[in-house]
There are 2 protein chains.
Amino acid sequence: MSLPSAVASPAAHDAYPDDLDPRVEALVKDLIGKVADKWTLIILEVLTEHGEQRFSRLGDLVGGISQKMLTQTLRQMERDGLLIRTIHPVIPPRVEYRLTELGLSLSEAFCGVWIWAAKHLEEVDRARQAFDERAKG
Amino acid sequence: MSLPSAVASPAAHDAYPDDLDPRVEALVKDLIGKVADKWTLIILEVLTEHGEQRFSRLGDLVGGISQKMLTQTLRQMERDGLLIRTIHPVIPPRVEYRLTELGLSLSEAFCGVWIWAAKHLEEVDRARQAFDERAKG
DNA sequence: CCGTATCCTGTCCGATACTG
DNA sequence: CAGTATCGGACAGGATACGG
């Protein structure tokens with residue numbers, strides 16, 4: 001996927017696609033709201049990095065997620081077509097999750113955000129300290 | 001910002017930066033969790049597209065946000081160094097918000113996600129219908 | 001092992017009213 | 001205009017127990 005090149009306008013406006021239809025825009029915002037969930041992001045990253053995984057391993061790799069939230073988030077992602085759930089009829093049961101093409105494409109779209117977070121971690125931390133200092137003094 | 005080129009590995013792993021230190025990884029996940037909030041995303045987009053804005057106009061442009069959430073989200077973003085709040089000492093009071101360089105860089109990182117959402121809106125919708133159909137039948 | 005069901009607590013978030 | 005304060009309903013999300 002190639003991003004539209006930023007033009008030299010006063011405020012870097014045109015990096016975003018202009019969806020003129022306000023109804024479409026509302027839908028996009030709504031979709032963003034669902035898909036930009038913390039756990040969804042992390043699961044996308046884990047599955048991208050480690051490939052297909054079974055339920056419990058996925059939970060370990062994600063870290064700090066309850067079984068309930070893991071199930072819930074995985075269901076929503078499955079419903080949205082981001083991943084496929086495969087049940088192997090063996091004992092003990094074995095369920096594996098893997099990204100679809102759609103899921104992988106979303107993961108790639110989020111890639112820049114992960115890089116941003118890793119890169120600017122300390123800068124954000126400093127900003128917070130400065131803010132808190134000003135608020136306190 | 002240029003993304004690292006995806007290498008031809010089995011599952012497109014290496015698009016993500018590998019932060020080996022688990023403590024750093026935890027911090028990154030935490031930061032993602034805060035920054036990937038729905039309202040934060042939309043405010044980033046609005047300020048990127050329309051430039052510096054005052055409080056109420058911002059609320060209108062965002063759409064569907066309560067005054068409380070707007071204030072709250074703006075404060076957090078200011079604390080994180082994503083935007084600057086300028087108070088003009090006039091009557092009636094006039095407060096303007098504009099992105100910092102940091103905020104703009106985050107906005108750019110999210111750009112790909114907006115494009116993804118706009119592009120795959122219908123695909124997600126179809127996936128949901130198919131899923132619901134299977135669940136019902 | 002992979003869930004679902006239940007309970008319970010905290011937090012989100014809108015509505016409303018009030019200040020400078 | 002741009003907030004702050006407070007209330008209250010809804011829901012997120014953890015802990016636990018149980019079922020297939």
Side-chain angles (χ1 to χ4, degrees), chain A residues 26 29-43 46-47 50 52-80 82-98 131-132 134-136, chain B residues 26 29-43 46-47 50-80 83-98 131-132 134-136:
Chain A
K29 285 180 182 176
D30 193 64
L31 181 54
I32 289 273
K34 303 221 158 144
V35 119
D37 167 70
K38 175 189 179 179
W39 295 127
T40 303
L41 252 74
I42 298 183
I43 290 173
V46 166
L47 287 181
H50 297 89
E52 186 172 34
Q53 293 293 329
R54 53 192 302 177
F55 185 80
S56 6
R57 183 86 212 292
L58 197 44
D60 294 342
L61 289 171
V62 167
I65 189 173
S66 68
Q67 199 187 35
K68 179 183 174 182
M69 279 312 296
L70 184 56
T71 302
Q72 206 170 100
T73 309
L74 286 171
R75 280 298 180 290
Q76 171 136 39
M77 292 175 72
E78 187 192 2
R79 178 168 184 264
D80 288 348
L82 300 180
L83 52 78
I84 301 276
R85 177 164 168 263
T86 312
I87 306 167
H88 297 91
V90 295
I91 295 177
R94 179 188 184 85
V95 181
E96 299 209 304
Y97 296 86
R98 74 169 191 280
F131 182 91
D132 294 345
R134 268 185 299 158
K136 198 180 58 190
Chain B
K29 284 181 183 174
D30 194 63
L31 181 54
I32 290 274
K34 303 223 157 140
V35 118
D37 168 70
K38 176 188 179 180
W39 294 128
T40 303
L41 251 73
I42 297 183
I43 290 172
V46 166
L47 286 181
H50 298 89
E52 186 173 32
Q53 294 293 329
R54 54 192 303 176
F55 185 80
S56 8
R57 185 85 213 292
L58 197 45
D60 293 342
L61 289 171
V62 167
I65 190 174
S66 67
Q67 197 188 35
K68 180 182 174 181
M69 279 312 296
L70 184 56
T71 302
Q72 207 169 98
T73 309
L74 287 172
R75 280 298 181 288
Q76 170 135 39
M77 292 175 73
E78 187 193 2
R79 178 167 184 265
D80 288 347
L83 52 78
I84 300 277
R85 177 163 166 264
T86 312
I87 306 167
H88 296 90
V90 296
I91 295 179
R94 180 186 184 85
V95 180
E96 300 209 304
Y97 297 86
R98 74 169 191 281
F131 182 90
D132 294 345
R134 268 184 300 157
K136 199 179 57 189

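In what follows, every chain begins at residue 1, and chains take the letters A, B, ... in the order their sequences are listed. These numbers were taken from a predicted model, which means no experiment stands behind them.
Taking all atoms of both residues into account, the shortest heavy-atom contact from Leu41(A) to Ala36(B) is CD2-CB, 4.2 Å. Looking at every heavy atom in both residues, Leu74(B) comes nearest to Tyr97(B) through CD1-CZ, 3.6 Å.
Using a 4.0 Å cut-off, some side-chain N or O of Arg85(A) falls inside it from OP1 or OP2 of dG3(C). Distances shorter than 4.0 Å separate none of the side-chain N or O atoms of Tyr97(A) from OP1 or OP2 on dC2(C). An OP1 or OP2 oxygen of dC2(C) is reached within less than 4.0 angstrom by a side-chain nitrogen or oxygen of Arg54(A).
A donor N or O paired with an acceptor N or O is not found under 3.5 Å between the base of dG13(D) and the side-chain atoms of Gln72(A).
The pair Arg94(A)-Glu96(A) counts as a salt bridge, with a side-chain nitrogen and a carboxylate oxygen less than 4.0 angstrom apart.
Both Gln67(B) and Trp39(A) sit near DNA chain D, but only Gln67(B) has its closest nucleotide nearer the 5' end. Toward the 5' end of DNA chain C, the nearer of the two residues Pro93(B) and Ser56(A), judged by each one's closest nucleotide, is Ser56(A).
Taking atom CG of Leu70(A) as the reference point, atom C1' of dA15(D) lies 16 Å away to the nearest angstrom. Atom pair Met69(A):CE and dG3(C):C1' shows a separation of 15 Å (rounding to whole Å applied). To the nearest angstrom, P of dC2(C) lies 10 Å from CG of Leu58(A). Counting to the nearest Å, the P atom of dT9(C) and the NZ atom of Lys68(A) are 14 Å from each other. Rounded to whole Å, the distance from CD on Glu96(B) to P on dA2(D) is 9 Å. As a whole-Å value, the separation of Arg94(B) CZ from dA2(D) P is 8 Å. Distance CZ (Arg57(A)) to P (dC2(C)): 12 Å, rounded to an integer number of Å. Distance NZ (Lys38(B)) to P (dC11(D)): 14 Å, rounded to an integer number of Å.
Remark: side-chain polar atoms of Lys29(A) are paired, donor with acceptor, to backbone N or O of Val62(B) under 3.5 angstrom.
For Phe55(B), the listed nucleotide lying nearest its side chain is dA2(D); candidates were dA2(D), dG14(D), dC1(D). The side chain of Thr71(A) sits closest to dG3(C) out of dT6(D), dG3(C), dG3(D). Of the candidates dC7(D), dT4(C), dC7(C), dT4(C) carries the atom nearest the Arg75(A) side chain, counting heavy atoms from C-beta on.
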Take Asp132(A) and Arg79(B) through the side chain to side chain contact (heavy atoms under 4.5 Å, CB included) test and state the conclusion after the steps.
-> CA-CA 8 Å; Asp132(A) 294 345; Arg79(B) 178 167 184 265; 2.9 Å; yes
